[in-house]
Amino acid sequence: MKNTIIPRHMAIILDGNGRWAKEKGLSRSKGHVAGFETLKKIVPYIFNRGVSILSIFAFSTENFKRSEAEVSFLMNLFVNKFRKENKFFVDSNIKVIFSGRIASPLPDNVQETLRELERLTSHNTGGILNVCLNYGGHSEIVDAVKKIVQGGLRVEDIDEEVFEAYLYQRLPAIDFLIRTSGEKRVSNFMLWQLAYAEFYFPEIYFPDFNEEQVDIALEVYAKRNRRFGGIQDETESD
Ligand code: FPP
């Protein structure tokens, strides 16, 4: 697989933890734990394959509508995994950043854990893991507009490049989006950044999305023909 085209910025909607667990007769919580174990395997692998930035959807603003027990389990999981396993991210040379409303209703200990992991990994150079947590694509755009208005910008100062600087992170556009579990929706994930992304929907629950699945996905991407609204080459123009 040498000389293949690798996406610079890849994104994954981690879907299907609950269904994976249910099919095995396990609790949904076990599915989320298995999802994290999968992440630990594939994130370093994805960076080793040459991807520079990986954005993942860990918890949406809408996920607060789930049962209190599941929300509270996930909040504890974030603290447990991002605090107690911070050595994994530090040793893997992964720079972890968080996008979303890192504020209430996220519990204080979650907010502190996320900030601490950002601080601990801020000088790492082996790939950027952008974890979207309490994140919504509409909220990100609304929050950017609020910052622009608060900053007193004039209408004539604003263009797409300026607007992008007010999003949660300064990251290049997403090249390739994967949503596992067979669902074919964007679900309010990184709407601005996905404008020209290629989409891929493997029929596999996230906990089963292993290194081999990553390779298959990267092959799918390499075969896509990206046009950005134009035409691919001169020979196709007549
Ligand atoms: C989607 O599966 C998954 C989530 C809402 C949570 C994502 C969290 C993880 C993969 C755990 C990762 C842990 C950390 C620390 C980042 P679902 O519950 O929507 O599955 P379903 O659609 O089958 O019910």
Side-chain angles (χ1 to χ4, degrees), residues 10-47 53-90 92 94-102 105-107 109-118 120-121 127-137 139 177-190 201-211 213-214:
M10 183 162 137
I12 310 180
I13 299 179
L14 319 168
D15 199 7
N17 293 346
R19 280 164 285 165
W20 178 89
K22 195 176 167 203
E23 283 188 9
K24 293 189 152 36
L26 303 169
S27 64
R28 292 179 59 78
S29 308
K30 291 269 184 344
H32 295 316
V33 172
F36 183 75
E37 291 308 314
T38 292
L39 271 181
K40 275 179 73 178
K41 277 188 284 179
I42 66 165
V43 172
Y45 186 73
I46 287 169
F47 291 136
I53 303 149
L54 176 67
S55 290
I56 58 170
F57 207 177
F59 194 86
S60 71
T61 46
E62 292 77 23
N63 286 154
F64 274 109
K65 293 185 206 145
R66 294 191 176 195
S67 75
E68 213 181 303
E70 184 167 355
V71 171
S72 140
F73 180 85
L74 280 167
M75 293 301 141
N76 282 326
L77 188 72
F78 296 145
V79 172
N80 273 318
K81 299 303 181 190
F82 289 134
R83 181 180 292 162
K84 296 198 183 131
E85 301 215 22
N86 62 28
K87 199 169 165 343
F88 164 77
F89 296 100
V90 173
S92 316
I94 295 169
K95 176 173 175 167
V96 186
I97 55 177
F98 291 92
S99 293
R101 290 184 173 159
I102 309 305
L106 281 182
N109 63 342
V110 173
Q111 294 180 43
E112 284 154 20
T113 300
L114 309 187
R115 298 236 154 80
E116 176 68 1
L117 186 58
E118 281 189 329
L120 284 171
T121 62
I128 298 174
L129 178 65
N130 176 38
V131 181
C132 295
L133 208 155
N134 195 22
Y135 175 88
S139 309
L177 172 76
I178 300 169
R179 181 177 187 145
T180 54
S181 92
E183 302 292 340
K184 298 177 179 67
R185 289 186 297 278
V186 171
S187 299
N188 201 17
F189 182 55
M190 299 191 88
F201 302 106
E203 303 267 344
I204 288 169
Y205 297 137
F206 184 69
D208 291 329
F209 194 75
N210 58 18
E211 291 96 328
Q213 297 299 325
V214 170

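These values consider heavy atoms only, across backbone and side chains, with no hydrogens, waters or symmetry-generated copies. Heads up: numbering here begins at 1 and tracks the sequence. Every number for a ligand or one of its atoms is a count from 1 in the order of the listing.
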Got the closest protein heavy atom to [atom], with its distance?
atom                    : value
atom 20 (O) of ligand 1 : G18 N, 3.0 Å
atom 14 (C) of ligand 1 : F36 CD1, 3.5 Å
atom 4 (C) of ligand 1  : H32 CE1, 4.0 Å
atom 1 (C) of ligand 1  : L14 O, 2.9 Å
atom 16 (C) of ligand 1 : F82 CZ, 3.5 Å

Which atoms of ligand 1 are found less than 4.0 Å from any heavy atom of [X]?
X   : result
R28 : 17 (P), 18 (O), 24 (O)
N63 : 5 (C)
K81 : 15 (C)

field: ligand 1 N/O within reach of W20 N/O, cut-off under 3.5 Å
entry: no

Backbone or side-chain N or O of R66 under 3.5 Å from ligand 1 N or O: yes

field: Salt bridge present between E70 and K65 (N-O < 4.0 angstrom)
entry: no

task: Could you check I204, D15, I13 and say which one makes a side chain to side chain contact (heavy atoms under 4.5 Å, CB included) with S181?
output: D15

message: Please classify the E183 to ligand 1 contact at 4.0 Å (heavy-atom distances, strictly less than): side chain, backbone, both or neither.
response: neither

task: Check the angle between the aromatic planes of F89 and F82 and answer parallel, tilted or perpendicular using the 30° and 60° thresholds.
output: tilted

query: Got a donor-acceptor contact below 3.5 angstrom from the N134 side chain to the R101 backbone?
result: yes

